[in-house]
Every structure is written in C-alpha cells, then in structure tokens.
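Down below is the structure, laid out as structure tokens.
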Number of protein chains: 2
Amino acid sequence: MSNPGRPQPRSQPRGQARKEHILAVALKIFAENGYRGASIAEIAEGCGLSQPGLLHHFPTKADLLTAVLEYRDRLDAEKFHVDDPTPGTAALRHYVNIVEHNAHLPGLVKLFAIVTSEAAVNPAHPARDWAVGRYEKLIGGLAANLRLGVEDGSIRADVDTTAVARLVFSMMDGLQLQWLLNPDRVDMPGLFRTFIDELTTEITTPDR
Amino acid sequence: MSNPGRPQPRSQPRGQARKEHILAVALKIFAENGYRGASIAEIAEGCGLSQPGLLHHFPTKADLLTAVLEYRDRLDAEKFHVDDPTPGTAALRHYVNIVEHNAHLPGLVKLFAIVTSEAAVNPAHPARDWAVGRYEKLIGGLAANLRLGVEDGSIRADVDTTAVARLVFSMMDGLQLQWLLNPDRVDMPGLFRTFIDELTTEITTPDR
DNA sequence: CCTACCGATCGGTAGG
DNA sequence: CCTACCGATCGGTAGG
C-alpha cells in the first residue's frame with residue numbers, strides 16, 4: 001500500500017513469507033485436530049522445520065493459535081470490509097455472500113467451528129477471549145447496521161436488532177456443523193439464504 | 001418398573017451403579033476437554049479408581065465416550081419421548097421445552113457441543129457415526145412430524161419439511177455456543193422461542 | 001549484536 | 001480391580 005516502486009526488497013520479506021507459510025500449515029492442523037489434538041511437532045514437520053525452529057517464530061503453541069486466528073480475522077476483514085457501514089437488510093445479504101464463499105473453504109470453517117466450541121466448553125482455553133470478542137464484534141456490527149435500517153425506516157422499529165444478529169450467527173454456526181458432517185446432502189448456502197430471505201421479509205417495514 | 005418387592009438384590013446392581021457413576025464422571029470431563037483433551041487417568045481418579053481399574057469396565061477410551069453418548073441419548077429419549085409422533089407445529093414447541101430444560105444442564109450442552117464439533121472436523125473421530133446418526137434421527141423425526149402437519153392441513157403444503165428441520169437444529173446448536181460463551185447475556189431459551197414462534201407463523205396454513 | 005535455525009533432550013503423560 | 005510397566009509422543013528448552 002504505502003510501498004513505492006521496488007524499495008527495500010528485504011525489509012521483512014524472508015521472515016514474513018516464512019511466517020505466513022507457518023500460519024497456513026498451522027491453520028489446517030488446528031482445524032482438523034483442535035488445539036490440544038494438534039501437535040507443534042506435526043505443524044513443524046509440515047513446514048519443513050524442526051520443532052524448535054517453529055518455536056523460534058511463535059514461542060508457544062498458544063501464541064501460534066492466537067496468531068493463526070488473528071491472521072485469518074485480518075484477511076477476512078480486508079476481503080469483506082466487515083467494518084464498513086451497510087445499512088438495513090443489505091447487511092444480511094452480505095452474510096449470504098460470506099456463507100457462499102465459506103462453502104469453498106472447509107478448512108477455514110473447520111478452524112472456527114472447533115476453536116469456538118473448545119473455547120465455549122473450556123473457560124481456560126487460549127482462544128476464549130478471541131471467541132468471546134469475535135461474537136461481540138460480529139453481533140455488534142450487524143446490530144449497528146440493522147439499527148441504521150430502523151433509523152432510515154426500512155426496518156420495523158420494534159425489531160430487537162441484537163437478538164436478530166444473534167440468531168443470524170447462530171444459524172450460520174449451526175449450519176456449518178451439519179454441512180461439515182454431510183457436505184453432499186446439506187446445502188449450507190441455500191439453507192442460509194432461505195433463512196435470511198424469510199428473516200428479511202419478517203423485519204422489513206410493510207409497504208403500506 | 002418391572003421390579004417387584006425386593007427380588008434379586010444383585011442381578012446387576014453393584015456393577016451397574018459403578019458403571020453409571022463412571023459415565024457421570026466421564027461425561028463432565030469429556031464435556032470440558034473434548035475427546036483427546038480428556039485423559040482416562042483423570043476420569044479414573046474422579047471415580048476413585050486406578051487407570052487400569054477404569055479400563056476394566058470400558059476397554060478403551062473410545063468405548064467410554066461411546067458409552068457416555070449412548071447413555072445420555074437413552075435417558076433423553078425416555079424423558080422427552082422423542083420417538084412419539086407429535087403432528088404439526090406442536091413438534092416445534094416440544095423443542096422449545098427441551099432447550100429450556102437444557103439451559104439448566106450446561107454440562108450436557110457442553111458434551112454435545114464439543115463432541116459434535118470434533119466429529120465434524122475430523123472424519124476419524126470415534127463419535128463421527130454418533131454425530132451423523134444423531135442429526136439423521138433428529139432431522140428425520142422432526143421432518144416426519146411436520147409432514148403429519150402438512151397431511152392434516154395445519155402446515156402449508158409447499159413447506160420443505162427437511163429444510164425446516166435442519167434450520168431448527170442449526171439454530172439450537174448455534175445458540176448453545178453463544179450461551180456457553182456468555183450465559184449471563186445470552187437468553188438461549190428466549191431467543192430460541194422467538195425463532196420458533198416466527199417459524200411457526202411462517203409455515204402455518206393461513207386462516208383464509 | 002542480529003536472524004534463523006539445529007540435534008538432542010528436559011519432565012510428564014498418553015492409551016493400553 | 002491392583003501395581004508395575006511398555007512404546008510413543010506431548011510442549012517446551014538446553015547449548016551451540
């Protein structure tokens with residue numbers, strides 16, 4: 001972004017690319033095994049590194065998981081502009097697009113599913129704060145967009161925007177589990193779209 | 001039930017009570033740590049047994065998890081009569097009651113949440129078949145009850161009963177995660193009831 | 001002094 | 001149901 005022509009070709013290039021490779025490998029192994037089930041030895045092997053070589057970049061296993069989650073959150077925020085205001089029911093349609101996109105990324109869906117569940121059942125989980133904060137951001141952001149719709153009159157004034165936002169992300173998370181267990185028979189994006197369409201009808205101000 | 005006065009006071013009493021105690025202790029530890037994160041040594045200690053003593057009753061860790069899940073399924077089936085036909089939208093209200101009941105049993109909610117997620121992300125998980133079969137039974141059962149409602153005219157004929165059933169259990173599972181992460185601020189039964197009420201209105205045959 | 005690692009091993013615990 | 005163990009593997013760190 002703020003990088004002109006081709007200046008310092010090695011400010012952080014080597015180490016940064018190596019770190020991103022580690023994060024990609026770690027994502028996959030954490031995604032299929034969870035935090036405790038994943039071993040840093042297996043992640044290191046997948047990177048062509050020794051275990052201490054891996055721990056040079058991320059001092060502990062918990063640090064590595066946290067880095068993977070923050071990295072993915074940052075990529076998604078850039079890709080989906082989640083912080084941009086999207087007033088009214090357009091915000092709901094935005095999440096239909098995200099679910100359709102996720103249907104091509106089972107690894108990412110698995111990571112968020114397993115880590116969220118682990119954090120939910122274990123208060124001492126290293127990603128507990130991440131999981132709690134993620135729902136706060138997602139729900140707060142969608143609720144704020146829905147409130148913009150209430151203010152411009154497109155959404156009924158009696159709608160509990162936080163409750164609606166909670167239902168939206170509950171449906172998203174629940175459908176992911178059924179889809180991961182049975183990808184051939186569960187049309188995750190189609191079911192989510194059906195839900196969002198009905199929800200949109202329900203909360204939209206009647207035309208007369 | 002079929003036991004008169006006080007006959008055979010030791011047909012299965014000692015071993016059965018011991019086994020049920022083990023299952024209760026194992027449920028709690030599997031629920032908070034998942035399958036791999038739970039250790040049979042910790043479960044044995046919680047039972048006042050040695051590790052080999054525990055393995056006398058359940059030969060492997062996978063056998064113990066399976067026994068816990070089957071035990072809970074059996075108790076719930078007896079309590080909630082899940083196999084009884086409940087035509088139409090009464091079947092939906094039935095699940096509102098179950099969610100209200102579950103709100104007092106966080107340990108049970110945790111067990112199902114973590115095991116389902118683990119099975120969803122890992123095809124080799126010992127509870128994979130349990131998780132797939134559980135959704136098949138839940139969705140098949142609810143869809144069958146909704147079809148009875150279509151047949152008696154109380155539910156609109158164009159409703160995709162399997163899709164509706166999938167949405168219901170997705171919402172149930174997703175709300176559980178948010179509730180476990182934030183029990184004070186997430187009114188799981190209230191949000192689920194809201195969803196079911198709107199869904200009921202949506203699929204019910206119009207009065208005219 | 002920095003980075004990016006290595007081979008070997010630490011104390012404990014896994015399922016059986 | 002016990003004590004006594006096994007092959008292997010866990011996350012993390014030593015010196016170089």
Side-chain angles (χ1 to χ4, degrees), chain A residues 8-69 114-115 118-119 122 124-128, chain B residues 10 12-69 114-115 118 122 124-128:
Chain A
Q8 315 93 313
R10 74 176 75 93
S11 72
Q12 289 275 19
R14 193 79 52 100
Q16 195 61 23
R18 171 78 79 171
K19 279 208 173 194
E20 294 194 6
H21 179 227
I22 293 172
L23 292 174
V25 171
L27 188 153
K28 189 174 179 181
I29 295 178
F30 278 131
E32 303 203 340
N33 302 98
Y35 178 67
R36 291 188 67 165
S39 76
I40 55 173
E42 187 181 358
I43 296 168
E45 189 191 344
C47 300
L49 290 176
S50 69
Q51 191 175 327
L54 172 63
L55 292 173
H56 166 77
H57 297 279
F58 302 95
T60 70
K61 195 186 183 185
D63 289 331
L64 178 54
L65 177 65
T66 301
V68 169
L69 296 171
I114 188 65
V115 171
E118 289 179 336
N122 174 14
H125 193 278
R128 176 82 174 201
Chain B
R10 76 176 74 94
Q12 288 276 23
R14 194 81 51 102
Q16 196 61 24
R18 172 78 80 172
K19 280 208 172 193
E20 295 194 7
H21 179 227
I22 293 172
L23 293 174
V25 171
L27 188 154
K28 189 174 180 181
I29 294 178
F30 279 131
E32 304 203 341
N33 302 96
Y35 178 67
R36 292 189 66 164
S39 76
I40 56 173
E42 185 181 358
I43 296 168
E45 189 190 346
C47 300
L49 290 177
S50 68
Q51 190 176 327
L54 172 62
L55 292 172
H56 165 76
H57 297 280
F58 303 95
T60 70
K61 195 185 183 186
D63 289 331
L64 179 55
L65 177 65
T66 301
V68 170
L69 296 171
I114 188 64
V115 170
E118 288 179 337
N122 174 14
H125 193 279
R128 177 81 174 201

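Both backbone and side-chain heavy atoms feed into the values below; hydrogens, waters and symmetry mates do not. Letters go in sequence order (proteins before strands), and every chain restarts at 1.
Side chains of B/His57 and B/Leu23 form no contact here, defined as non-hydrogen atoms less than 4.5 Å apart. Annotation: side chain of B/Asn122 is not in contact with side chain of A/Ile114 (no heavy-atom distance under 4.5 Å).
One atom, CZ of A/Arg36, and another, C1' of D/dT9, lie 14 Å apart when rounded to the nearest Å. Between the CD1 atom of A/Ile43 and the C1' atom of D/dT9 there is a distance of 15 Å, rounded to whole Å. Distance, B/Leu55 CG to D/dT3 C1': 14 Å, rounded to whole Å. Protein atom NZ of B/Lys61 is 8 Å distant from nucleotide atom C1' of C/dG15, rounded to whole Å. Rounded to whole Å, atom P of D/dG11 lies 8 Å from atom OH of A/Tyr35. For B/Leu65 and C/dG16, the CG to C1' distance is 17 Å, given to the nearest whole Å. The CD1 atom of A/Ile29 sits 11 Å away from the P atom of D/dC10 (whole-angstrom rounding). The interatomic distance linking B/Gln51 (CD) with D/dT3 (P) rounds to 12 Å, in whole Å.
Nucleotides C/dC5 and D/dG15, compared at atom C1', are 14 Å apart to the nearest Å. Nucleotides C/dA8 and D/dG12 have their P atoms positioned 22 Å apart, rounded to a whole Å.
The two residues A/Ala62 and A/Pro126 make their nearest non-hydrogen contact at CB-CB, 3.8 Å. Between A/Ala127 and A/Ala119 the shortest heavy-atom distance is O-CB, 3.9 Å. Here the closest non-hydrogen pair linking B/Phe30 and B/Ala38 is CD2-CB, 3.6 Å.
When heavy atoms are screened at a 4.0 angstrom cut-off, B/Ala38 is found touching the sugar-phosphate backbone but no base atom. Looking at heavy-atom distances under 4.0 Å, A/Leu49 makes contact with sugar-phosphate atoms alone, never a base. Contacts of B/Ser50 with the nucleic acid, taken as non-hydrogen atoms under 4.0 Å apart, include base atoms.
Among the nucleotides D/dC10, C/dG15, C/dC5, the one closest to the side chain of A/Arg18 is C/dC5. Listed candidates were C/dA4, C/dG15, D/dT3. Nearest to the side chain of B/Ile40 is C/dG15.
Sequence order on DNA chain D of the closest nucleotides to A/Pro52 and A/Gly37 puts A/Gly37 first from the 5' end. For the pair B/Leu54 and A/Ala62, both in contact range of DNA chain D, the more 5′-proximal nearest nucleotide belongs to B/Leu54.
Contact between the side-chain N/O atoms of A/His57 and the OP1/OP2 oxygens of C/dC5 is found at a separation under 4.0 Å. When the side-chain nitrogen and oxygen atoms of A/Ser39 are compared with OP1 and OP2 of D/dC10, one or more of them lie within a distance under 4.0 Å.
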